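Okay, handing you the structure first.
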Amino acid sequence: MERFLYQNRNRPHLLEIHFSNQTCLEVEDGRRCEDGELLRFNERRQPANTQDFNQEVLQNPALQNRIRDRIRRINQWLITHKNSNTKAVVSLGLEDEYSLEAFEKIVNLFQEVNRETPLDFETVRSPEIYEYSLEAARFAGYTGYLELHPGSPTETPDLSQYPIWTPPDGQPPAKPTYCITNLDGVSTPRDGGVSKSVSFEQAKGFITRHHDCMAVFLWHAPLQGLQPVLGPRPGDGAYRPTNAVPREREFTIDSGLIRRFNCAMRTWRNDSRC
């Protein structure tokens with residue numbers, strides 16, 4: 001990250017840090033929180049799940065202190081390393097499933113630290129479920145960004161299934177442009193063997209749909225240390241880690257593809273092919 005900030009010091013750039021990996025709490029999907037996570041086990045010494053976290057963050061002073069300490073360390077790192085062209089945002093948890101009470105507590109902990117030392121970043125909620133972001137928009141104590149990650153493009157490959165920022169009751173969030181959208185988990189370019197992938201033309205449509213958001217992210221599986229594993233029929237494949245240990249994954253960077261990503265980002269307003 002230090003190299004990224006230095007290389008882009010003379011032009012505006014965005015750095016998003018996910019404060020915690022809330023996806024590891026989805027134990028029903030076979031996931032487990034590992035060393036370094038905020039909460040690995042519940043009081044029964046079983047792998048912690050979402051319900052455990054939502055309870056513990058309200059009742060466990062030790063967990064609350066770990067959260068405060070992590071906020072302080074992130075803030076100090078940013079104060080030390082960001083520059084005048086850096087816009088920094090910190091998500092309150094990657095794809096969280098906080099209860100409303102737990103979310104309010106997380107926000108309050110950030111506000112506590114901010115009163116000690118002003119935070120050198122803005123916050124973003126990155127919920128697992130879209131409706132959670134609408135709760136966040138109406139929560140008076142929260143004024144940060146809202147982030148959406150997509151579902152599967154299988155049924156509507158034109159990406160029309162991605163929700164717009166208007167809830168069913170017609171009342172938009174307090175700050176409609178305070179949004180970030182991310183094709184996390186849906187890889188570009190299209191891979192015929194994997195359904196969760198889209199072409200550059202589809203990706204440009206996604207950018208067009210959300211162009212009024214503060215930021216739009218595209219996603220490429222090999223850059224995440226993932227590789228396609230084909231299924232018995234076309235489209236049945238999935239992306240799997242190159243190594244079960246996250247810090248030992250192998251990453252592939254294709255300069256030609258980077259140029260095509262840059263093309264999609266720069267030409268989303270017209271019909272240029274990338």
Side-chain angles (χ1 to χ4, degrees), residues 1-5 13-26 31 33-42 48-128 132-133 135-149 174-175 178-180 182 184 214-215 217 246-247:
M1 289 195 295
E2 292 178 26
R3 183 170 61 181
F4 168 77
L5 296 178
H13 53 276
L14 172 67
L15 175 65
E16 180 177 6
I17 298 174
H18 288 288
F19 163 76
S20 65
N21 175 23
Q22 294 298 307
T23 64
C24 72
L25 296 167
E26 298 170 4
R31 302 185 181 188
C33 293
E34 304 294 340
D35 286 338
E37 306 293 353
L38 289 170
L39 186 68
R40 288 193 65 188
F41 302 103
N42 59 25
N49 60 25
T50 298
Q51 183 178 1
D52 295 324
F53 189 94
N54 285 337
Q55 293 175 345
E56 292 291 310
V57 76
L58 297 175
Q59 304 170 359
N60 187 335
L63 174 58
Q64 294 168 6
N65 285 334
R66 288 197 294 275
I67 291 172
R68 292 186 187 97
D69 181 62
R70 182 172 291 189
I71 298 169
R72 294 184 186 107
R73 288 188 288 114
I74 291 173
N75 193 45
Q76 186 56 54
W77 188 92
L78 286 169
I79 290 172
T80 302
H81 294 97
K82 69 191 287 285
N83 56 69
S84 60
N85 278 319
T86 306
K87 182 177 181 64
V89 294
V90 175
S91 87
L92 303 178
L94 174 61
E95 296 183 3
D96 78 77
E97 294 187 67
Y98 297 137
S99 65
L100 185 56
E101 295 78 13
F103 177 62
E104 291 189 24
K105 184 62 178 180
I106 293 286
V107 172
N108 289 337
L109 291 170
F110 271 77
Q111 291 173 338
E112 282 183 29
V113 177
N114 184 58
R115 286 192 288 270
E116 299 172 5
T117 304
L119 298 179
D120 204 24
F121 57 81
E122 295 185 74
T123 57
V124 53
R125 186 171 191 190
S126 171
E128 171 70 15
Y132 291 171
S133 66
E135 290 181 358
R138 293 190 174 89
F139 171 42
Y142 181 69
T143 58
Y145 291 95
L146 305 174
E147 179 169 353
L148 277 183
H149 290 189
K175 297 181 178 179
Y178 255 50
C179 55
I180 297 173
N182 190 326
D184 182 26
M214 187 273 284
F217 289 95
R247 294 182 180 179

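The first residue in the sequence is number 1, and the count goes up from there. Everything quoted here is computed from the prediction, not taken from an experiment.
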*Euclidean distance, Ile180 CD1 relative to Leu14 CG, rounded to 0.5 Å*: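 With rounding to 0.5 Å, CG (Leu14) is 6.5 Å from CD1 (Ile180).
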_Working to the nearest 0.5 angstrom, can you tell me the gap between Asn49 CG and Glu97 CD?_
10.0 Å
_Phe53 vs Leu38, test: side-chain contact (heavy atoms from CB on, under 4.5 Å). Steps then yes/no._
CA-CA 9 Å; Phe53 189 94; Leu38 289 170; 4.2 Å; yes
*CG/Leu119 to CZ/Arg72 distance, rounded to the nearest 0.5 angstrom?*
10.5 Å
*Hey, what do you get for CG (Leu25) to OH (Tyr98), rounding to the nearest 0.5 Å?*
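Taking CG in Leu25 and OH in Tyr98, the distance rounds to 8.5 Å.
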*For the pair His13 and Phe4, name the ring-plane relationship: parallel under 30°, tilted 30 to 60°, perpendicular over 60°.*
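Aromatic pair His13/Phe4 classed perpendicular.
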_Atom CD of residue position Glu122 - does it have more than 12 heavy atoms of other residues, nucleotides or ligands inside 6.0 Å?_
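Correct, the count exceeds 12.
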*Roughly how far, to the nearest 0.5 Å, is CZ of Phe41 from CG of Asp52?*
12.0 Å
_Ion pair Arg68/Glu116, N-O distance below 4.0 Å_ = no
_Nearest 0.5 angstrom please: Phe103 CZ to Asn54 CG, how far?_
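Here the interatomic distance stands at 12.0 Å.
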*Can you list the steps and then say if Met1 with Leu15 is a side-chain contact (heavy atoms from CB on, under 4.5 Å)?*
CA-CA 8 Å; Met1 289 195 295; Leu15 175 65; 3.8 Å; yes
*Sidechain-backbone polar pair: Asn108 side chain, Glu104 backbone, donor-acceptor under 3.5 Å*: yes
